[in-house]
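The sequence lines fix the lettering, A, B, ..., with proteins before strands; numbering per chain opens at 1. Keep in mind that this is a model prediction, so the values were computed, not measured. Scope of the values below: all heavy atoms of this structure, side chains included, with no hydrogens, waters or symmetry mates.
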Amino acid sequence: MDHFTFLVAAYAAIFVVIFLYVLFVWRRQSALEAELREMEARLKELIESPRSDEELPSRHP
Amino acid sequence: MSSMVRKGLGYLSLALMFVAIFMVFDWVPTEAEQGIAQRIFYFHVPCAWVAFAAFGIVALAGILYLWLGERMWDDLGYAAAEIGMVFCTLVLLTGSLWAKPIWGVWWTWDSRLTTTFILWLMYGGYLLLRSSADDSPQVARFAAVVGIVAALDVPVVIVSVRLWRTIHPAVLITKTGEHGLEDPRMVVALLVSLAAFTIFFVWLLTLRFAQLRARTRLHRMGQEIALAEMRAGDR
């Protein structure tokens with residue numbers, strides 16, 4: 001292999017590794033957003049359930 | 001940091017990366033001794049700089065976590081360790097691809113290479129610990145200690161070319177106290193690359209840190225909701 005091949009390989013390695021890490025961060029962001037949606041749904045269910053209504057203090061006496 | 005500022009940093013680092021690539025492949029003169037392979041240097045050094053800065057932040061965040069006990073510092077250390085590991089891997093990869101055409105070998109147990117490899121192994125251990133153990137304060141405390149101890153290797157890597165016999169060039173500051181770059185264009189290209197990588201690092205760190213903070217808050221919220229669900233189920 002000539003020197004130019006090593007040069008291109010080094011720069012390609014840098015961009016491939018950086019791209020893979022950014023992809024990993026992006027996927028984590030999507031997973032986090034899904035977790036947030038799930039938690040919002042659970043919270044909504046808890047607030048709307050009749051049992052919890054009895055437990056929760058009323059805001060309008 | 002607001003999302004607008006973070007976006008701006010991302011675009012700025014991308015633009016500077018393109019300028020740096022143009023400089024490396026089209027603008028800087030070819031080094032007389034090593035030829036075209038020496039151009040690996042312009043991204044190899046910034047990768048090392050980002051890795052060292054990231055590991056420095058891990059140590060600082062570890063000290064602050066042990067001192068103040070606030071979860072925020074643990075999240076910052078974790079984010080910095082992850083990014084430092086990515087760039088330390090790149091240092092070893094690009095170094096190997098530079099060594100083969102110049103030294104004739106992919107790897108040699110030279111002082112700088114060996115100390116960098118030890119650094120990589122130690123932070124690899126740190127990340128393994130974080131990914132395999134739970135998020136308890138005990139694990140965070142242990143990780144903080146590992147992060148601080150591992151960072152002690154960073155100054156050893158830097159001074160290794162002066163302490164021991166080595167074939168690794170001391171390009172930035174030679175033994176005579178000057179820099180080893182023969183043409184001013186080489187210095188400019190290196191500075192542009194350093195700026196691009198530093199801004200990219202700040203962008204990545206703030207992004208990953210914000211994610212880890214959000215994850216911590218979500219877990220706490222999840223625990224509180226589970227507790228409320230259990231109470232509601234009991235009654």
Which heavy atom of Y11(A) sits nearest a heavy atom of R39(B), and at what distance?
OH-O, 2.6 Å
Closest non-hydrogen contact found for M39(A) with L218(B) is SD-O, 3.4 Å
State the CG-CD distance between L46(A) and E224(B), to the nearest 0.5 angstrom.
12.0 Å
Sort and list the pairs that fulfil side-chain hydrogen bond (donor to acceptor under 3.5 Å, both in side chains) and have at least one residue in residues 42-59 of chain B, not counting sequence neighbours.
H44(B)-T94(B), W49(B)-T198(B)
Relative to chain A, which segment of L90(B) carries a heavy atom at a distance below 4.5 Å: side chain, backbone, both, or neither?
side chain
Ring pair (Phe, Tyr, Trp, His ring centres under 6.0 Å) partners for Y126(B), two or more places apart:
none
Would you say CZ of F15(A) has more than 12 non-hydrogen atoms from neighbouring residues, nucleotides or ligands within 6.0 angstrom?
yes
Can you list the residues of residues 19-30 of chain B that sit under 4.5 Å from chain A, counting heavy atoms only?
I21(B), V24(B), F25(B)
Any heavy-atom pair between the side chains of F24(A) and E82(B) that's under 4.5 Å?
yes
With a 6.0 Å cut-off on ring centres, are F6(A) and W106(B) close enough?
yes
Going through the checks in order, is the side-chain contact (heavy atoms from CB on, under 4.5 Å) test met by L7(A) and W98(B)?
CA-CA 8 Å; L7(A) 177 69; W98(B) 189 6; over 6 Å; no
Check whether I225(B) gets within reach of chain A through its side chain, its backbone, both or neither, counting any heavy atom under 4.5 Å.
both
At a 4.5 Å cut-off on heavy atoms, which part of A226(B) comes close to chain A: side chain, backbone, both, or neither?
both
In Å, rounded to the nearest 0.5 Å, how long is the span from CZ of R217(B) to CG of L36(A)?
11.5 Å
With sequence neighbours left out, what residues match R185(B) under salt bridge (charged side-chain N to carboxylate O under 4.0 Å, His left out)?
D183(B)
So which heavy atom on A13(A) is nearest to which on L97(B), and how close?
CB-CD1, 4.5 Å
Let's test your reading of the structure: which of R208(B), R215(B), M221(B) forms the most heavy-atom pairs below 4.5 Å with chain A?
R208(B)
If you take all heavy atoms of A37(B) and H3(A), which pair is closest and at what distance?
CB-ND1, 3.9 Å
May I ask you to check whether over 12 heavy atoms, not counting those of W203(B), lie within 6.0 Å of atom CH2?
yes
Using heavy-atom distances under 4.5 Å, tell me whether I83(B) contacts chain A through its side chain, its backbone, both, or neither.
both
Point-to-point distance, once rounded to the nearest 0.5 Å, from OG1 of T89(B) to CD1 of I14(A)
12.0 Å
Is the shortest heavy-atom distance from the side chain of L207(B) to the side chain of W26(A) under 4.5 Å?
no
